[in-house]
Amino acid sequence: MQSQLEPEQERMLVEGARRDPEAFRQLYNHYFPKVYAYVSYRMGRVGDAEDLVAETFLKMVEGLDGFAWRGAGSCAAWLFRIAHNLVNDFYRRGQRTEEAIPLDELPELRASTLLPEDVILQKEKFAYLRRLIGSLSPRRQEVITLKFFGGLPNKEIAALLELDERTVASHLCRGLEELHRRYVNEVAKEGSSR
Amino acid sequence: MSERNELPQRDRKLLEKIEEIVANGDGERRETDSLYGFCAHLASTVPQADQSFQQQLEARLLTEMQQQREVRTLGVTSQDQGAARPPLAWLRRLAPGGVTSAPLSTGLSLSKGVGRNITQIFQGGVTMKKGFAFATLAALVIVVSVVAFVPAVRAGVSGWFRASWGGPDAGCSAAIRAEGSQPGFTVLVPSYLPDTVLSSATGSVTIAMGGDADEMRNFFGNPDGQWLFITQGQAPADKALPEGQQVAIGGQRGVLITSLSGTSELGLADLENVAVEGTPPEHRPESFAYQNANQLIWYVGDTRIELLSNLPVEEMLKVAESFRPAEVTEGEPPADWVPEQSEGGSSGGGVLPLPTSGK
């Protein structure tokens, strides 16, 4: 996961990006992996994720002139709010029902190995964990995906979801505990059925 | 940090570990029977984009920025030279002296380059009061587009949709101009809107335009009071409906989903690139949060409609039953649609005068 931008660095890039392609490129390349990872986890299918990521950044370009930088992380919060709204709208419109996604439609994962069998295993793991996360309450799903895949600090998640930071921390802890419990139970059940 | 200190020590320790794991992405090999090990396991499944996609999108965005700069400085993009007239060009032509207070950029329509361009114009009735901001925003239409990386094939047809919101006496009417081609669905408007929505929908008049007419959204009312959010677009082939309580709307099968909470995107930021008639809203949130709202989803012919609202379900059903196709005429703007010279502008867009009559 890439590190956070220093506040001053983010401010300069945001302001520069309005007229300087190089500044925009830096901003884009900093946020792209995080937005892509977050949207991919929420969407599942590569095709859907790419559509929404593209739309997120197009909206960013369109709104950059009107965006006012308001301190550390405000750009990330703005960008993720766009992505978050697009994802929610997608599901609200019922464009896709939850169903098993074929492995070849799942995204690639960051991995140190390129062995084909490992790639398949990674994708299966992704599909499994995504399904497990999907069994949590929507709020906990959101907090966990923003944290682990969007890489956002709790403060930015709180601003984005209009919660206080303590509530975010609590959702994160309880959500992960619940997730882990389900994981252990499922693994145990699978083991005993063999 | 102080908030973190109020948490139990166990949570604080977990949060610290999470920060460490997310920052370092380590621990793929850690045992998943411990909570920390499981967190590391989770952090090792971060999706990664195809590099060519990332690069193509970057190139697309840089082109987009370039076009926006051209629009700001020249009022036209290089792609438009010698091509079809951009949306809103007729507004500049018709308004004596032009609308100079703020750029009437073509916004999304230039940026997307796919599908249809629509200019939507809302006009207020004579009983409308003036001087309110977002809380009294009369009607908002946003057109959202689907992103694609192929050039548009335009049908070269212009069309006008005349719509009257809430009946002919409600004083809330609209003319929608489609440039390039007709939308891929029949535009529908409700002939009934509850007074509680319309009463706060007086005054300010918005002219909004967007890019490609794959979807149209209208927001009525006051986000702090009663409101109604309509989304319509082309029906998919299977006309699938999500899970929910089954209802009949005009003899069609629909679905009611209750007690929804969340946020919905209004796209008010797009007003940066649109003309605003009347008093432009001061606040332009990109989205509004709602709680305990209800949603109706159904199909009318080739159109998929969603109503999201905090109105009682009975009222929503009444609105839903009242949807009718908008009147469509083609060619030049309606004869009574002659903007006069505006006075001043706003930061968000050009201010245009009210038409003499909308009906």
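In what follows, every chain begins at residue 1, and chains take the letters A, B, ... in the order their sequences are listed. Heavy-atom basis, side chains included; hydrogens, waters and symmetry copies ignored.
A side-chain contact (heavy atoms from CB on, under 4.5 Å) with B/Thr45 is found for exactly one of A/Lys125, A/Lys123, A/Arg130, namely A/Lys125.
At a threshold of 4.5 Å between non-hydrogen side-chain atoms, the residues B/Asp11 and A/Ser170 do not count as touching. Taking 4.5 Å as the limit, every side-chain heavy atom of A/Leu109 sits out of range of all side-chain heavy atoms of B/Val46. Under the 4.5 Å side-chain criterion, counting only non-hydrogen atoms from C-beta, A/Leu129 is in contact with B/Phe38. By the 4.5 Å heavy-atom criterion applied to side chains, A/Tyr91 and B/Pro242 are not counted as neighbours. For the pair B/Glu19/A/Asn154, a side-chain contact is recorded, criterion being any heavy-atom separation below 4.5 Å from C-beta on. No side-chain heavy atom of A/Val46 sits under 4.5 Å from any side-chain heavy atom of B/Phe53.
No more than 12 heavy-atom neighbours from other residues, nucleotides or ligands sit within 6.0 angstrom of NZ on B/Lys13. Heavy atoms from other residues, nucleotides or ligands lying under 6.0 Å from CZ of A/Arg182 number more than 12.
Neither the backbone nor the side chain of A/Ala49 comes within contact range of chain B, judged by heavy atoms closer than 4.5 Å. Heavy atoms of A/Val53 lying under 4.5 Å from chain B belong to its backbone as well as its side chain. With a 4.5 Å cut-off on non-hydrogen atoms, B/Ala49 touches chain A through its backbone and its side chain both. Heavy atoms closer than 4.5 Å to chain B are found in both the backbone and the side chain of A/Phe57. Of the two parts of B/Ile297, only the side chain, counted from C-beta on, holds a non-hydrogen atom closer than 4.5 Å to a non-hydrogen atom of chain A. Contact annotation for A/Ile144: only side-chain heavy atoms (C-beta onward) come within less than 4.5 Å of a heavy atom of chain B. For a residue to count as touching a neighbouring chain, one of its non-hydrogen atoms must lie under 4.5 Å from one of that chain's; by this rule B/Glu243 does not touch chain A. Both the backbone and the side chain of A/Leu179 come within contact range of chain B, judged by heavy atoms closer than 4.5 Å. If you measure heavy-atom distances from A/Arg181 to chain B, you find no contacts under 4.5 Å at all.
Contact count against chain A (heavy-atom pairs under 4.5 Å) is highest for B/Leu42 among B/Asp50, B/Leu14, B/Leu42. For the set A/Glu162, A/Lys155, A/Glu177, the entry with the most heavy-atom pairs within less than 4.5 Å of chain B is A/Glu177.
Note that OG of B/Ser44 and CD of A/Gln122 are 6.0 Å apart. Values are rounded to the nearest 0.5 Å. Put simply, SG on B/Cys39 and NZ on A/Lys147 are 11.0 Å apart, with the number rounded to the nearest 0.5 Å. Note that the CE atom of B/Met65 and the CZ atom of A/Arg25 stand 10.5 Å from one another [nearest 0.5 Å]. Atom CZ of A/Phe148 sits about 12.0 Å away from atom NE2 of B/His41, to the nearest 0.5 Å. Atom CG of A/Leu172 sits about 4.0 Å away from atom CD1 of B/Ile18, to the nearest 0.5 Å. Interatomic distance, A/Arg92 CZ to B/Ile257 CD1, rounded to the nearest 0.5 Å: 10.0 Å.
When all heavy atoms of B/Gln48 and A/Tyr36 are compared, the closest pair comes out as C-CE2, 3.4 Å. In terms of heavy atoms, A/Phe149 sits closest to B/Pro47 at CD2-CD, 4.2 Å. When all heavy atoms are compared, the tightest approach of A/Ala169 to B/Leu15 is CB-CD1, 3.6 Å.
In this structure, the side chain of A/Tyr28 engages the main chain of B/Gln54 through a donor-acceptor pair within 3.5 Å.
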